[in-house]
Amino acid sequence: MDTKFKINDEIIVDMRSSTGHCRTPAYIRGKKGVVERICGQYPNPEEIALCKSNPEIITLYRCRFKQVDVWDNYSGKVSDTIELEIYEHWLKNA
Amino acid sequence: MTNLKMGPHDVGGEKSIPIDVNDKDMTHWEKFANALRIVVSSKRIITLDELRYHTEALGDKYFEIGYFERNCLSLHNICIQKGIYSLDDFIKIRSRKISEFNVPIIELPDVKDIEHLHNGKPHKHSEKDFQEDESGDGPPDYYFDTLAIAEIFVSKGLITNDDITLKIEQFDNVFPNRGKAVVAKAWHNDSFKKELIHDAKAAISDIGIELETFADIICMPQTDEVHHIVVCTLCSCYPRTLLGMPPSWYKSRSYRSRVVHEPREVLAEFGTIVPINKEIKVHDSNADMRYLILPPRPSNTEGLSEIELSKLVARDYLVGVRLPK
């Protein structure tokens with residue numbers, strides 16, 4: 001599978017706003033992390049939600065973020081992480 | 001950051017109230033609404049993303065009504081928008097459904113006056129001998145919506161009544177036991193455990209459990225060094241065909257908003273104390289993966305069979321909010 005990012009690549013989630021249905025939560029936009037694994041290719045949920053007949057197929061990545069990089073004043077352990085799934089069109093090279 | 005929020009559903013990171021950690025049993029109308037939604041989406045009549053989109057588009061209404069009513073309203077809005085039925089037809093069928101519930105109230109005899117025969121002799125009862133057969137509230141308004149929607153779908157041949165009945169039964173009796181069986185097998189059989197962690201969907205399929213889901217399953221084992229916990233901040237993504245219905249707290253705004261930014265505090269509310277020197281990994285189940293947390297095998301269980309072990313598996317372990325003792 002030819003993917004734009006590979007495991008352990010440093011990425012930033014795009015800081016743009018969105019309209020309609022989207023699976024990229026606001027809290028993770030603009031945050032820097034690494035690719036944890038490549039999940040495979042899935043139809044773009046933003047297009048399925050609008051009933052597009054041939055939604056674009058996009059690579060989905062699981063990305064890992066340090067909690068201290070996501071939240072101001074995170075009070076837990078420095079190595080605590082949060083992992084979530086981000087579609088390729090929301091990721092940029094860090 | 002605030003201006004990036006997508007809508008009322010995008011709650012990750014909000015400050016919120018303590019979590020009610022006790023699961024609430026589902027009423028029949030909640031089970032019916034849930035089964036209807038799952039049947040409709042698993043038959044691809046309406047996709048999950050369409051349903052989510054219309055739920056998110058409810059605006060202020062999102063806050064005013066409960067989870068199952070929201071699901072029902074978004075399903076109805078899509079049906080109207082797609083022309084699956086007309087509003088006139090819906091109202092007509094809904095009115096008929098309501099009328100079927102309009103049974104006359106019968107005056108019951110005074111219990112003190114009830115006399116019957118015991119061993120051939122007249123016998124009187126006192127009030128304390130009687131228990132009302134039925135109690136509780138009647139169905140909420142949205143139940144008539146779901147009944148009407150289901151009838152229309154059945155009349156168009158899109159689904160059958162059996163589809164819904166079967167789904168309710170599976171959620172009650174089949175799905176909740178699958179995850180427990182899988183975990184018991186992993187506790188019992190080390191090579192299955194390795195396979196489960198390596199590729200959970202394949203391992204589960206290999207033991208004959210058909211999950212009927214498009215999503216992939218990822219299994220994370222709890223260890224002495226790392227504690228895993230799962231949430232869906234955007235809605236209520238959960239491996240339903242593996243674990244059954246998500247508990248009410250999993251769907252709650254307080255759990256969804258807080259776990260991502262204060263996992264230790266949230267875990268403490270479930271009675272799970274994770275020391276500061278142990279790492280916590282939060283998994284936001286926000287897209288196409290679903291998660292199974294593999295708890296450690298409880299101590300002093302050597303020699304137990306898989307069946308015996310499965311009785312020690314609690315649902316809360318598999319989401320990561322509690323650990324076996």
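Small disclaimer: the values here were computed from a predicted structure and weren't measured. Below, chains carry the letters A, B, ... as their sequence lines are ordered, and counting in each starts from 1. Just so it is clear, the values below take in all heavy atoms, side chains as well, and ignore hydrogens, waters and symmetry mates.
Using a 4.5 Å cut-off on side-chain heavy atoms (C-beta onward), A:Ser17 and B:Met6 make no contact. A:Gln67 has its side chain out of reach of B:His261: every pair of non-hydrogen atoms, C-beta onward, lies at least 4.5 Å apart. Put simply, the side chain of A:Glu83 does not reach to within 4.5 Å of the side chain of B:Tyr291, judged on heavy atoms. A:Ile82 is not listed as a side-chain neighbour of B:His283, based on a closest heavy-atom distance of 4.5 Å or more.
Rounding to the nearest 0.5 angstrom, the gap separating the CG atom in B:Asp284 from the CD1 atom in A:Ile28 is 8.5 Å. The line from CG of A:Leu84 to OG1 of B:Thr233 is 7.5 Å long, rounded to the nearest 0.5 Å. Atom CG of B:Asp216 is separated from atom SG of A:Cys39 by 7.5 Å, given to the nearest 0.5 angstrom. Here the CD1 atom belonging to A:Ile58 is positioned 10.5 Å from the CG atom belonging to B:Asp288, to the nearest 0.5 angstrom. How far CD of B:Glu262 is from CH2 of A:Trp71: 10.0 Å, rounded to the nearest 0.5 Å. Here OG of A:Ser79 is found 12.5 Å from NZ of B:Lys278. Values are rounded to the nearest 0.5 Å.
The heavy-atom pair separating A:Gly76 from B:Ile276 by the smallest distance is C-CD1, 3.6 Å. Shortest non-hydrogen contact noted between B:Tyr53 and A:Gly20 is CE1-CA, 3.5 Å.
Within 6.0 Å of the NZ atom in A:Lys32, the count of heavy atoms belonging to other residues, nucleotides or ligands does not exceed 12. The number of heavy-atom neighbours closer than 6.0 Å to NZ of B:Lys193, taken from other residues, nucleotides and ligands shown, is 12 or below. Heavy-atom neighbours of B:Lys82 NZ from other residues, nucleotides or ligands within 6.0 Å: above the threshold of 12.
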Using the rule given for side chain to side chain contact (heavy atoms under 4.5 Å, CB included), can you reason through A:Lys77 versus B:Arg264, listing the C-alpha separation, both sets of side-chain angles and the distance that settles it, and then say yes or no?
CA-CA 10 Å; A:Lys77 188 174 161 69; B:Arg264 269 182 193 73; 3.6 Å; yes
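Ranked by heavy-atom pairs shorter than 4.5 Å toward chain A, the options B:Glu14, B:Glu279, B:Glu50 are led by B:Glu279. The greatest number of non-hydrogen atom pairs below 4.5 Å with chain A, out of B:Asn277, B:Asn286, B:Ile46, B:Thr47, is found for B:Asn286.
Heavy atoms closer than 4.5 Å to chain B are found nowhere in A:Thr19, neither backbone nor side chain. With a threshold of 4.5 angstrom between heavy atoms, B:Ile218 approaches chain A through side-chain atoms but not through N, CA, C or O. Heavy-atom distances place the backbone of A:Arg16, and not its side chain, under 4.5 Å from chain B. Of the atoms belonging to A:Phe65, not a single heavy atom falls under 4.5 Å from chain B. If you measure heavy-atom distances from A:Leu60 to chain B, the contacts under 4.5 Å come from the side chain alone.
By the 4.0 Å N-to-carboxylate-O rule, A:Arg23 lies too far from B:Asp49 to be salt-bridged with it.
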